[in-house]
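Read the structure below first, then the notes.
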2 protein chains.
Amino acid sequence: MVRAGLDKEIVVRAAISIADSEGLASLSIAKLAAVLGVKAPSLYNHILSLDMVKDDLTRQGMLLLLDITRDAMAGVEARKALEALGHAQRNFARDHPGLWAGAQMPVAGWSKATQKVANVYIGLVLAVLRGYGITDDAAIHSARVIRASLKGFIDLELGGGFGYPEDVDVSFDTLLKNLDSGLRMRKKI
Amino acid sequence: MVRAGLDKEIVVRAAISIADSEGLASLSIAKLAAVLGVKAPSLYNHILSLDMVKDDLTRQGMLLLLDITRDAMAGVEARKALEALGHAQRNFARDHPGLWAGAQMPVAGWSKATQKVANVYIGLVLAVLRGYGITDDAAIHSARVIRASLKGFIDLELGGGFGYPEDVDVSFDTLLKNLDSGLRMRKKI
DNA sequence: TTCTCTTGACTAACGGTACTAGTTTGAAGA
DNA sequence: TCTTCAAACTAGTACCGTTAGTCAAGAGAA
């Protein structure tokens, strides 16, 4: 009965590692316990439930994504900012598929704390739109379009939804160009 | 031990009903058996596994979506066709959230038969693009953009991802307008 | 009508999941 | 050194999908 010296952070870190390498779906209490060298019930001295671990994982993933995106967007505007946002998200999803998958779960299952972090992300999208001169109601609608397009593309790419051999990078550039031209149109009207 | 008169079709039909009313995630052998008035193991006289039921459900969902979309797109071109495609998908997802969720699962988990049906869907998107004068490689890239945008929007809407009170219908129209203007741009170049 | 054979139900069980209760022990602080 | 709390443990609950083996319903043949 040697003590493993665990705490919630270590457990969540292990969960992130498992989710990113084997997929969020195969994250389980049993696997977590095995990785940490402990029997499954012992984990409950540090965590409330597997769902809570996933919530923590999601929130940490969002915070990391926010940092990365903010850095990428620093000092650029409009189209450059949109591209920075898009590439930052796509790269994040490829580097951390488990964290990305966590952030794509239905909002209803998140804790208040995690929902709060999610709202900060919207702020970043709205910042991009200010660069296009789009504010207020129109910004909300355009923000939804940007979020939806990026999320849909990344989910499809990660899920193996692009079967044809054409270069997916070119497709992503097409997506960003489309969004840019749509937003510039919107500004003119 | 009265015989229930089951067959695979009846089981899949019940699965669709459960998935659409309670969500794909809560579709289980136990629930399926309860609904059909039979003990769980009895189902295995008619099905191979729960995964195979989900695959059938997905394929049937896709076929239904294809029918609905084809009908909506009949006799219209370019922007009208794009709008028909978009609204048909969004309405389908709202009417059949379980079938929609099935069709969004990672491609790797599908049978060959189901993947084949999925490919037919791409044909519909390419038909829309022909109306814009976009063919070949460019069409593949634009088709990915359309699929990604629609999928992302619908997934976000169904998952409760749009927190602000602004009218989601307006946002969807914005998405379609964006796509349309992007595609018309692309045609000119 | 009776017999046979197939089909579709059943019960019991296996290994997996998350989780809880109760027990023991390591290790830190008094 | 003793006490106390935290963190591990074992054992067990209640689910999940799935398999093996059993038995009877019901259809077709004699």
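Order of the sequence lines fixes the chain letters, A, B, ..., with proteins taken first and strands second; residue numbering starts at 1 for each chain.
- Annotation: side chain to side chain contact (heavy atoms under 4.5 Å, CB included) contacts of A/T135 (sequence neighbours excluded): A/R130.
- Because its NZ or CZ atom is both nearer than 6.0 Å to the ring centre of A/F162 and within 45° of the ring axis, B/R144 counts as a cation-pi partner of that residue.
- The ring-ring contact (aromatic ring centres under 6.0 Å, His included) pairs that include a residue from residues 43-98 of chain B are B/H87-B/F172, B/F92-B/H96, where partners are two or more places apart or lie in different chains.
- As a whole-Å value, the separation of B/L27 CG from D/dG17 P is 8 Å.
- B/S111 and B/T114 share a side-chain donor-acceptor pair at under 3.5 Å.
- Residues B/S149 and B/L179 approach most closely at OG-CD2, 3.8 Å, considering heavy atoms.
- The CD1 atom of B/I10 sits 11 Å away from the P atom of C/dG8 (whole-angstrom rounding).
- The salt bridge (charged side-chain N to carboxylate O under 4.0 Å, His left out) contacts involving residues 47-63 of chain B comprise B/K8-B/D56, B/D55-B/R59, B/D56-B/R59, where partners must be two or more places apart or lie in separate chains.
- If you check the side chains of A/H141 and B/S171, you find a donor sitting under 3.5 Å from an acceptor.
- Relative to the side chain of B/L6, the nucleotides C/dA9, C/dA18, D/dG17 differ in distance, and C/dA9 lies closest.
- Near-neighbour residues of DNA chain D inside residues 101-114 of chain A, defined by a heavy atom below 4.0 Å, are absent.
- Regarding B/K8, its NZ atom lies at a distance of 17 Å from the C1' atom of C/dG8, rounded to whole Å.
- Within the structure, the side chain to side chain donor-acceptor pair (under 3.5 Å) test picks out the following pairs touching residues 65-82 of chain B (sequence neighbours left out): B/R79-B/E83.
- Residues of residues 30-48 of chain A having a heavy atom closer than 4.0 Å to DNA chain D, listed by number: A/V38, A/K39, A/P41, A/S42, A/N45, A/H46.
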